[in-house]
*Asks:* 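Sharing a structure below in C-alpha cells format, with a few things to ask.
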Amino acid sequence: MSDPYARPGGDPHHGSWSSPGGYPGQPGSGQEPYGGQYPPNGYYGYYGNGGNQPPPRTHGMTTFAMVTGIVAAVISLVPFLGFISFVLGPLAMVLGIVGIAKRFRSRGFSVTALVTGTFGLLVSILYAVLLSTILSFYDNTQSFEFEAEGTGEYELSLTTTSALPVTTNESGRYRSTVDASTLFGGIVVTNLDGNRGTISCRIYDSTGNLLVENTDVGIDAVAECMLSDVLVRKVEDLDFPEEISARGLG
C-alpha cells in the first residue's frame, strides 16, 4: 500500500515531515516551539480574552463626570439651590466631552455626563431668567416717608434701593423722605444699651397714607417695617373666584 503523504518521485527526507495540519507545539507535529518552551500565557487567548487578560476598567474621570452631571441635574430642580448647577453643569459637560474625545473606556458614562450636565445648566438658567423677570416686574422705585421713634437710644437700619442697609444710632423721633424699592426697601429699629422702652416704625406713601407700621417694647426689642409686606398683603387681598364657569369662558 502506497504512502499517501509521499511526494511524487520520492523524498529522501520523508519521515521527518509533520502530520497534516501540524504546527510547532502541536502534539504529533514533531517540533517543539520556542526552544522547547510553550508559548507564554495569553498567546492562545488572543481571541475572546482567553480568560487570561484582566477585564477593562472604568476610567475614573468618566465616573466622576457622570456623578457630577447627575448631581447638577437633580440640584437644578431644587428651588434656591439651582444656582449650584451653574458650576457643576459646565464641569460635567467639559469632562464628558474630554472623555468622548480621548475615547476613554465606559463611553456611556461620558455621554451621560454631557447630557445631564447640559440639562442641569439649562434648567438653572431658566430659573434665573424666570426669577429676574418676576423681580423686575414687581420691583420699582417710588418716594416714601420712613419714620422711626423710641423712648431711648435705638439702632436704625434703613434700606432704600441698595441691597445693603445703612445703619445709624438715633434717639427720639426720626423722619425722612427717600426713594426706595417697593421690593427691598424698609426700616428696622432695635433697642440699644439695655433700653426697655418702646420703639416703633412707620412707612407712608407720597400722599401720606400709612402703608405699614410695627411696635415693640423691652430689651433688644425689634420693630421692622418692610415694603415687601405691603406687596404681599396686596397679593393676598386679591379676590380669586373659587369656580370658573365653562359657559362664562365661552
*Asks:* Counting only heavy atoms from other residues, nucleotides and ligands, does the tally under 6.0 Å from CZ of R196 exceed 12?
*Replies:* no
*Asks:* Measure the spacing between OG of S176 and CD of E147 and express it to the nearest 0.5 Å.
*Replies:* 11.0 Å
*Asks:* Specify the closest pair of heavy atoms between V189 and S200, including all atoms of both residues, with the distance to one decimal.
*Replies:* CG2-O, 3.9 Å
*Asks:* Taking atom CG of D220 as the centre, report whether more than 12 heavy atoms of other residues, nucleotides or ligands fall under 6.0 Å from it.
*Replies:* no
*Asks:* May I have the list of side-chain donor-acceptor pairs in residues 83-103 shorter than 3.5 Å, sequence neighbours left out?
*Replies:*
unit_1 : atom_1 : unit_2 : atom_2 : d
S85    : OG     : A72    : O      : 2.7
S85    : OG     : S76    : N      : 3.3

*Asks:* Counting distance only, does the side-chain N/O of N191 pair as donor-acceptor with the main-chain N or O of G218 below 3.5 Å?
*Replies:* yes
*Asks:* Looking at T167 and S157, what are the two nearest heavy atoms and their distance?
*Replies:* OG1-OG, 3.9 Å
*Asks:* To the nearest 0.5 Å, tell me how far F184 CZ sits from L164 CG.
*Replies:* 12.0 Å
*Asks:* Any side-chain to backbone donor/acceptor pair from N195 onto T151? Under 3.5 Å, distance only.
*Replies:* no
*Asks:* Hey, does the side chain of D216 reach the backbone of V222 with a donor-acceptor pair shorter than 3.5 angstrom?
*Replies:* yes
*Asks:* Tell me if a side-chain donor or acceptor on Y154 pairs with a main-chain N or O of G172 at a distance below 3.5 Å.
*Replies:* yes
*Asks:* Do L81 and V67 belong together in a cluster built from hydrophobic side chains that touch within less than 4.5 Å?
*Replies:* yes
*Asks:* Testing the basics here: between V212 and M226, what is the closest heavy-atom pair and its distance to 0.1 Å?
*Replies:* CG1-O, 4.1 Å
*Asks:* Can you get from I75 to I125 by hopping between Ile, Leu, Val, Met, Phe, Trp and Tyr side chains that sit under 4.5 Å apart?
*Replies:* yes
*Asks:* Can you tell me how far CG of N209 sits from CZ of F144, rounded to the nearest 0.5 angstrom?
*Replies:* 11.5 Å
*Asks:* Minimum heavy-atom separation for Y174 and L158, please, with both atom names.
*Replies:* OH-CD2, 3.7 Å
*Asks:* With the 4.5 Å side-chain cut-off for hydrophobic clustering, are V178 and V188 part of the same group?
*Replies:* no
*Asks:* Out of curiosity, F109 CZ to M66 CE, how far, rounded to the nearest 0.5 Å?
*Replies:* 4.0 Å
*Asks:* I need the minimum non-hydrogen distance between S110 and T62, along with the two atoms involved.
*Replies:* OG-CG2, 3.2 Å
*Asks:* Taking N214 for its side chain and E224 for its backbone only, find out whether a donor-acceptor pair lies under 3.5 Å.
*Replies:* yes
*Asks:* Taking I187 as the starting point, is it possible to reach L192 by hopping between hydrophobic residues whose side chains are less than 4.5 Å apart?
*Replies:* no
*Asks:* Is there a side-chain contact (heavy atoms from CB on, under 4.5 Å) between L227 and S181? Walk through the geometry before answering.
*Replies:* CA-CA 8 Å; L227 288 172; S181 165; over 6 Å; no
*Asks:* Side chain to side chain donor-acceptor pair (under 3.5 Å), that's the test. Do T215 and E213 meet it? Break it down for me.
*Replies:* CA-CA 7 Å; T215 301; E213 65 176 338; 5.5 Å; no
*Asks:* Would you please name every residue forming a salt bridge (charged side-chain N to carboxylate O under 4.0 Å, His left out) with E155, sequence neighbours left out?
*Replies:* none
*Asks:* Give, for atom CD of Q142 and atom OG1 of T182, the distance between the pair rounded to the nearest 0.5 Å.
*Replies:* 6.0 Å
*Asks:* In the single-linkage hydrophobic clustering (I, L, V, M, F, W, Y; side-chain heavy atoms under 4.5 Å), do L121 and V71 co-cluster?
*Replies:* yes
*Asks:* Any idea which heavy atoms bring A148 and L156 closest together, and the distance?
*Replies:* CB-CD1, 3.9 Å
